[in-house]
**Student:** 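Just dropping this structure here.
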Amino acid sequence: MNIEQFRFQFPSLREKHHAYDAIYLDGPAGTQVPHQVIEAISQYYQTSNANSHGYFVSSERTDDLLERTRSKVAAFLGAEGGQCISFGQNMTTLNFSLSKALLRTMSPGDEIIISALDHESNRGPWITLKENGIIIREIKLLPNGTLDYEDYESKLSDRTRLVCVGYASNIFGTVNDITRIREGCQRVGARLLVDAVHYAPHFKIDVKEVDCDFLLCSAYKFYGPHVGLLYCRPGLLDTLNTDQLRTQSPKAPYKIETGTLNHAAIAGVEAAIDFIASWGDGEDLPSKLSDSMHQIHLHEMEVFAALYDGLAALPGVTIYGLPADTPDRAPTLSFRVVGHSPQAVCQHLGQYGICAWDGHFYAIRSMEVFDLLKEGGVTRMGIVGYNTAAEVDRTLEVLSKFL
Ligand SMILES: Cc1ncc(COP(=O)(O)O)c(C=O)c1O
């Protein structure tokens with residue numbers, strides 16, 4: 001992958017913040033978008049702006065766009081086809097809708113397993129079901145930022161109906177052992193729901209290999225706009241009783257899509273997937289996407305290793321989570337610096353045009369477990385396809401002067 005050409009596609013990478021070249025290390029909170037995505041959104045408004053299912057050109061174009069994008073998202077996720085893909089406002093809203101629908105398949109005393117590592121969006125929607133007598137069990141977190149799989153296995157029971165876990169942690173970059181988690185589900189006949197929001201920008205997903213019932217992600221984390229994406233195993237959504245209007249299609253994938261979708265943003269989702277595919281070789285969209293995601297990941301991990309090693313060498317810095325060279329790791333890290341709050345670190349970086357986040361990033365339970373919440377959480381930095389070793393060098397220089 002030619003990194004300079006890749007970067008050139010992103011107009012915001014040429015922005016100055018306080019007279020400095022902007023450096024976006026805030027990818028885990030949302031990536032920048034390439035001009036292809038910006039243009040697709042604007043084109044939609046120029047040529048296709050309409051509601052769906054009308055007998056006129058702009059409406060027909062909108063219908064085509066929605067179905068085409070479902071197929072492209074299916075290719076992105078390795079899904080059986082567009083009929084398995086639903087759109088939503090964001091991942092959290094889709095997960096709340098799913099939790100209401102799945103509750104209708106459960107009885108008081110049934111159990112759901114969540115994890116201490118997950119983003120609140122994959123905990124809160126399930127925790128609220130306690131009000132209906134559902135028992136929530138939480139997989140413990142080990143000090144190295146990985147899940148305690150023995151604890152998970154001890155919590156599986158013949159009442160476990162659902163296991164909800166993340167694919168990758170948005171705070172430590174840990175990639176969870178989904179195979180082991182799925183094997184546990186299969187032993188007790190529970191459904192598996194995977195939050196792939198943090199995984200999707202860094203690895204090619206293959207839902208058939210993951211063999212999950214539900215998988216969610218969000219396009220704004222992989223160079224697209226704010227649209228939530230839901231994969232349901234073929235036929236499964238049709239069996240669920242989702243909240244819906246009598247005027248709405250009762251079929252999958254539409255039955256969970258309440259109200260009018262953000263068509264223009266969905267045009268941006270299509271463009272984001274095409275953009276990713278354009279960096280890979282292959283005969284068809286899935287193979288181009290696989291190749292491209294592989295190239296992006298290799299580049300990310302090289303830049304990430306420099307960031308991790310550079311930070312680790314700075315005095316007073318503690319990095320949380322697994323080492324940089326851990327196989328199957330997402331290029332995201334969190335750290336603290338002795339004597340400086342995460343907020344102060346980010347404020348200082350921000351003055352030099354470096355975008356990094358402080359706090360808990362909604363992975364608030366892990367910060368509670370690590371006892372870091374009251375001290376302002378951690379500073380988080382993430383590498384995505386457009387970040388470079390030169391950006392890392394500048395960040396380390398700015399940070400080392402501050403320290
Ligand atoms: C791992 C993870 N899961 C879920 C979410 C929530 O996604 P959304 O903003 O689309 O609701 C986020 C957002 O940061 C995330 O990082």
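This chain uses plain numbering: 1 for the first residue, then up along the sequence. These figures come from a predicted structure and were not determined experimentally. Atoms within each ligand, like the ligands themselves, are counted from 1 in listed order.
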**Student:** Counting non-hydrogen protein atoms only, what is the nearest one to atom 9 (O) of ligand 1? Give residue, atom name and distance.
**Tutor:** Tyr220 OH, 2.5 Å
**Student:** Does Asp118 offer a backbone N or O that forms a donor-acceptor pair with the side chain of Ser115 under 3.5 Å?
**Tutor:**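 Yes; at least one donor-acceptor contact below 3.5 Å.
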**Student:** Quick one: look up the protein heavy atom nearest atom 11 (O) of ligand 1 and list residue, atom name and how far away it is.
**Tutor:** Thr92 OG1, 2.5 Å
**Student:** What is the minimum heavy-atom distance between Cys212 and Tyr231, and which atoms define it?
**Tutor:** O-CE2, 3.9 Å
**Student:** Is there any N or O on His198 that sits under 3.5 Å from an N or O of ligand 1?
**Tutor:** no
**Student:** For atom 10 (O) of ligand 1, what is the closest protein heavy atom, and at what distance to 0.1 Å?
**Tutor:**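 Ranked first by proximity to atom 10 (O) of ligand 1 is Ser218 OG, 2.4 Å.
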**Student:** Among all protein heavy atoms, pick out the one at the shortest distance from atom 4 (C) of ligand 1; state its residue, atom name and that distance to 0.1 Å.
**Tutor:** Ser121 OG, 2.9 Å
**Student:** Under 4.0 Å between a side-chain nitrogen and a carboxylate oxygen: does that hold for Arg180 and Glu153?
**Tutor:**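 Result for this pair is yes, salt bridge flagged.
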**Student:** Going by side chain to side chain donor-acceptor pair (under 3.5 Å), Asn122 matches just one of Asn95, Asp195, Thr92. Which one?
**Tutor:**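 With Asn122 as partner, side chain to side chain donor-acceptor pair (under 3.5 Å) holds for just one option, Asn95.
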**Student:** Using side-chain contact (heavy atoms from CB on, under 4.5 Å) as the criterion, point out the one residue from Thr242, Thr93, Leu240, Asp243 that pairs with Ile256.
**Tutor:**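 Only one option passes, and that is Thr242.
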**Student:** Just one of Phe10, Phe6, Phe8 clears the ring-ring contact (aromatic ring centres under 6.0 Å, His included) bar with Tyr386, so which one?
**Tutor:**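 That would be Phe10; it is the only one of Phe10, Phe6, Phe8 passing the ring-ring contact (aromatic ring centres under 6.0 Å, His included) with Tyr386.
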**Student:** What residue and atom, counting heavy atoms only, is the protein's closest point to atom 15 (C) of ligand 1, and at what distance?
**Tutor:**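 Answer for atom 15 (C) of ligand 1: His119 CD2, 3.2 Å.
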**Student:** Can you pull out the closest protein heavy atom to atom 7 (O) of ligand 1? Residue, atom name and distance to 0.1 Å, please.
**Tutor:**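 In this structure, atom 7 (O) of ligand 1 has Met91 CB, 3.6 Å as its nearest protein heavy atom.
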**Student:** When you measure from atom 13 (C) of ligand 1 to every protein heavy atom, which one gives the shortest distance, and what is it?
**Tutor:**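 Checking every protein heavy atom, the shortest distance to atom 13 (C) of ligand 1 gives Lys221 NZ, 3.1 Å.
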**Student:** Give me the atom names and distance for the closest heavy-atom approach of Arg123 to Ile114.
**Tutor:** NH1-CD1, 3.7 Å
**Student:** Of all the non-hydrogen atoms in the protein, which one sits nearest to atom 3 (N) of ligand 1, and at what distance?
**Tutor:** Asp195 OD2, 2.6 Å
**Student:** Heavy-atom contacts with Asn90 under 4.0 Å: which atoms of ligand 1 show up? List them by number with element.
**Tutor:** 8 (P), 10 (O), 11 (O)
